[in-house]
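This report refers to the structure that appears directly beneath it.
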4 protein chains.
Amino acid sequence: MARPRSAAADCAILDATRAALVELGWSKLTMGDVAARAGVAKTTLYRRWTGKSALVVDAVAVLFDELELPDRGSLHADVEGVVLSFAALLARPETSTSLMAVVAESTRDAALRDRLRCAVVDRQKRLVLDGRARAQARGELPPDSDPASAARQTDLVFDLIAGAVVHRALVSGEPVDEAWAAGFATLLVAGLGAAHPPAPPPQPRTPPEPC
Amino acid sequence: MARPRSAAADCAILDATRAALVELGWSKLTMGDVAARAGVAKTTLYRRWTGKSALVVDAVAVLFDELELPDRGSLHADVEGVVLSFAALLARPETSTSLMAVVAESTRDAALRDRLRCAVVDRQKRLVLDGRARAQARGELPPDSDPASAARQTDLVFDLIAGAVVHRALVSGEPVDEAWAAGFATLLVAGLGAAHPPAPPPQPRTPPEPC
Amino acid sequence: MARPRSAAADCAILDATRAALVELGWSKLTMGDVAARAGVAKTTLYRRWTGKSALVVDAVAVLFDELELPDRGSLHADVEGVVLSFAALLARPETSTSLMAVVAESTRDAALRDRLRCAVVDRQKRLVLDGRARAQARGELPPDSDPASAARQTDLVFDLIAGAVVHRALVSGEPVDEAWAAGFATLLVAGLGAAHPPAPPPQPRTPPEPC
Amino acid sequence: MARPRSAAADCAILDATRAALVELGWSKLTMGDVAARAGVAKTTLYRRWTGKSALVVDAVAVLFDELELPDRGSLHADVEGVVLSFAALLARPETSTSLMAVVAESTRDAALRDRLRCAVVDRQKRLVLDGRARAQARGELPPDSDPASAARQTDLVFDLIAGAVVHRALVSGEPVDEAWAAGFATLLVAGLGAAHPPAPPPQPRTPPEPC
DNA sequence: TTATAATCGAGACGGTACGTCGGGTCTTATT
DNA sequence: AATAAGACCCGACGTACCGTCTCGATTATAA
């Protein structure tokens with residue numbers, strides 16, 4: 001009935017947020033500064049987001065959608081690929097600073113946790129699902145026995161890949177380069193192959209998973 | 001020649017910091033509040049730490065030293081054990097919030113990054129070193145071929161374990177329970193075993209991932 | 001276009017400042033305390049005044065405007081009257097402490113000096129101007145010969161009266177009572193009369209002091 | 001019985017205080033800074049003075065002792081002389097800043113008031129006493145009728161001179177130059193002469209006060 | 001000559017206020 | 001309605017001084 005919200009403003013605000021994150025990082029980013037950069041009043045920000053954290057989640061989430069998983073011919077190569085492209089994403093100053101900060105904030109804020117989960121986490125599981133399906137099609141992984149265990153496996157692999165890359169890059173502070181990616185992929189693929197022995201597991205050796 | 005710094009104050013401050021973290025969480029923790037709880041002037045805090053982040057790193061670091069790796073008889077059981085005890089540590093409100101927050105901050109602050117690394121990260125690599133040595137003694141893992149690759153392997157495993165647990169617990173927000181720990185351990189042990197086939201590698205080492 | 005500054009706040013702040021001066025005196029008066037009394041944020045104080053001194057000048061200046069000079073029938077009586085009412089004003093705890101303090105501060109702060117001069121000093125010269133005009137109308141003082149010398153005379157008398165009262169009350173710390181006021185008025189009136197001999201100056205003007 | 005206090009320290013401290021007053025003014029002068037300038041520990045300052053005000057009083061008091069009243073041949077000239085030399089003293093940055101500040105402080109602090117009175121105020125009344133005695137010797141003023149009224153007269157003149165000069169210089173902020181000094185002296189001498197007519201007042205000329 | 005005890009420098013300490021900054025809400029006029 | 005502008009309340013920030021306190025190192029007297 002009355003004036004609708006400006007869509008252009010939303011876009012300008014998210015752009016401004018990303019720009020501010022690059023320049024200032026999470027902790028020095030201020031709502032007032034974002035508003036000024038976007039040519040918008042602070043009121044307009046608060047009309048649309050509950051605070052800094054929610055704003056940043058939305059601003060950063062779209063960057064994660066740029067991740068893709070082109071078919072590199074083998075599970076090993078696909079893992080290497082996703083590791084390197086995820087690492088490249090984390091190397092951008094917008095993401096590294098704010099991802100950890102928002103996660104930290106989300107431990108005390110359920111609404112933020114949900115927003116983060118559905119805007120970032122769940123949306124990227126597609127990469128693992130794609131990779132798994134492709135590997136199964138190639139015969140590198142056995143077909144899903146039942147949906148529940150397939151979901152468990154997906155989640156495990158997702159946490160493994162994402163967690164390892166994040167930890168290597170941001171906590172340990174070491175580079176995620178080709179060598180590391182190769183070593184990681186080797187370990188992961190071997191682990192998956194052994195846990196789900198491809199066709200006939202030669203020797204069961206410490207049968208780790210439900211045969 | 002002058003009055004030395006009170007060691008009791010240091011202790012009271014770190015205790016107060018942990019208590020405040022439990023009650024308030026990282027983002028509502030205040031230097032003034034910590035000082036008040038510790039019965040100490042704000043100045044004293046700033047005389048010893050450059051800010052909230054540095055203080056929290058020191059306060060939390062000791063908690064990580066409580067982690068131990070008792071011999072559970074097998075590499076698989078040792079991995080399960082360390083995963084669960086690390087998860088238990090992360091479940092404590094002092095650690096989860098602040099670890100992520102400090103990591104976030106450290107992306108923009110080199111001094112903090114160093115402090116974090118040497119106070120937390122490097123100190124816990126001992127767990128991986130112990131576990132590896134023990135597994136090698138048991139014959140579950142081959143002896144180190146050369147020191148450099150041993151260090152690479154240690155780092156990789158460390159990032160894998162710590163990263164996966166942190167990501168599962170804090171980012172995905174799913175419980176790290178026995179079932180998950182078992183699945184994770186299975187995958188990891190299998191991966192390690194395949195990458196470094198136990199005693200006499202039946203297949204050539206290099207192509208660990210199946211064809 | 002934006003929200004205008006609250007006029008009520010200004011008033012509340014100045015009232016609070018005076019109240020705080022009475023209770024605490026200049027040196028224990030705190031910006032934070034004034035803000036709290038006025039029910040206002042500290043920021044609001046600093047948005048309008050540059051500091052404690054400027055605030056106090058404005059808070060105290062209005063008190064000086066209460067001074068009046070009723071016609072008491074003679075120059076001598078008028079002087080006595082203004083001396084006593086000025087002394088009464090200085091006896092109030094708001095004024096004495098803060099007047100001196102602000103003067104002290106103003107020796108190093110040109111902006112404050114100006115503010116003080118136009119808010120307090122210049123505004124009270126009206127008393128001397130009124131008294132002089134009235135005395136001239138009564139024939140107690142000769143009419144102004146030229147404007148410049150009239151201004152000089154006004155300034156001299158102003159400094160004389162104000163200075164003597166302030167010095168007696170605050171520096172010497174002796175009471176400014178009727179007796180002292182009478183003695184002072186006698187001296188001043190005599191001095192003015194002799195310096196400007198009433199009608200026909202019998203002796204040449206310049207040598208007022210004997211030989 | 002034990003080690004006595006260093007006399008050199010006292011001197012260094014007072015010098016440092018004056019130097020700091022010149023550079024920083026009263027309000028930015030700090031005890032720590034004075035101690036540092038004097039090459040002395042803060043403790044030493046507090047062992048000898050109760051605080052900034054007391055210290056400054058002592059540091060400045062000696063400057064007032066430099067005032068002298070050479071015989072200039074007439075009461076008028078003597079008044080002019082003392083006005084100008086007092087103004088010169090007040091023009092020094094050490095004195096102007098701190099005199100007013102200490103007076104302000106003393107309105108709330110009895111001990112300081114006493115210290116100020118005996119260290120500065122009372123000690124300078126000698127100038128008025130000398131001037132009066134000299135003028136009486138010259139016959140410009142009548143001899144004292146009784147000691148009480150002599151004291152009253154002395155105090156009145158003291159407050160008049162000191163007050164007027166201070167007010168002119170620090171409150172009004174106008175220069176105390178020869179012209180002003182001459183005008184002031186003329187008025188004062190005339191007032192004194194009329195109030196106490198020299199010997200036999202030839203013509204009562206606007207009988208100002210009851211002989 | 002040697003205790004002995006006050007004094008000294010240095011500077012850490014518990015406080016209090018500072019002046020600034022950012023968060024989030026509100027008022028106003030404009031679109 | 002929704003907006004830009006910006007005043008407002010709140011609370012934390014990190015700093016500066018305060019005046020007190022502990023230190024170990026000097027001294028000048030009194031033993």
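Just so it is clear: chains get the letters A, B, ... in the order the sequence lines come, proteins before strands, and each one is counted from 1.
- For A:T107 and B:S96, the side-chain atoms include no donor-acceptor pair closer than 3.5 Å.
- In this structure, B:R92 CZ and B:S98 OG are separated by 10.5 Å, a value rounded to the nearest 0.5 Å.
- Of the side-chain N and O atoms in A:R47, none sit less than 4.0 angstrom from OP1 or OP2 of F:dA2.
- Here D:L112 contributes atom CG and D:E105 contributes atom CD; the two are 7.0 Å apart, rounded to the nearest 0.5 Å.
- No option in A:R18, A:R115, A:R48 other than A:R115 meets the salt bridge (charged side-chain N to carboxylate O under 4.0 Å, His left out) test with A:D58.
- Heavy-atom distances under 4.0 Å link DNA chain E to C:T30, C:M31, C:G32 of residues 22-40 of chain C, given in residue order.
- Nucleotide F:dA12 holds its P atom 16 Å from the CG atom of B:L55, rounded to whole Å.
- Considering all non-hydrogen atoms of both residues, A:A16 and A:V34 come closest at CB-O, 3.8 Å.
- In this structure, A:M31 CE and A:Y46 OH are separated by 4.0 Å, a value rounded to the nearest 0.5 Å.
- In terms of phosphate contacts, A:R48 brings a side-chain nitrogen or oxygen within less than 4.0 Å of OP1 or OP2 of F:dT3.
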Taking only N/O atoms, report every protein-nucleotides 22-26 of chain F pair under 3.5 Å with atom names and distance.
{"unit_1": "F:dC23", "atom_1": "O2", "unit_2": "B:M1", "atom_2": "O", "d": "2.7"}
{"unit_1": "F:dT26", "atom_1": "O2", "unit_2": "D:R3", "atom_2": "NH1", "d": "2.5"}

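- Remark: P of F:dA16 and NZ of D:K52 are 16 Å apart, rounded to the nearest angstrom.
- Put simply, CG on A:L45 is 14 Å from C1' on F:dA2, counting in whole angstrom units.
- If you measure from atom CG of B:D10 to atom P of E:dC13, you get 8 Å, rounded to the nearest angstrom.
- Formation of a donor-acceptor pair under 3.5 Å by the D:K52 side chain with backbone atoms of D:L29 is found in this model.
- The listed nucleotides are F:dC13, E:dG9, E:dT25; the one nearest the side chain of D:A41 is E:dG9.
- Annotation: the terminal axes of the helix from E:dT2-F:dA30 to E:dT31-F:dA1 meet at 10°, where each axis is the rotation carrying the C1' atoms of four end pairs onto the next four (5 pairs per end, rounded to 10°).
- Here the CZ-CG distance, from C:R5 to C:D10, works out to 8.5 Å after rounding to the nearest 0.5 Å.
- Note that CH2 of C:W26 is 10.0 Å distant from OG1 of C:T97, once rounded to the nearest 0.5 Å.
- Atom OH of A:Y46 is separated from atom P of F:dA5 by 17 Å (rounded to the nearest Å).
- Atom CZ of A:R108 is separated from atom OG of A:S53 by 14.0 Å, given to the nearest 0.5 angstrom.
- Per the geometry, NZ belonging to C:K42 stands 19 Å off P belonging to F:dA7, to the nearest Å.
- Between A:E23 and A:R37 a salt bridge is recorded (basic side-chain N to carboxylate O distance below 4.0 Å).
- Between C:T44 and F:dC9 there is a side-chain polar atom (N or O) within less than 4.0 angstrom of OP1 or OP2.
- Look at CH2 on B:W49: it is 15 Å from P on F:dG14, rounded to the nearest Å.
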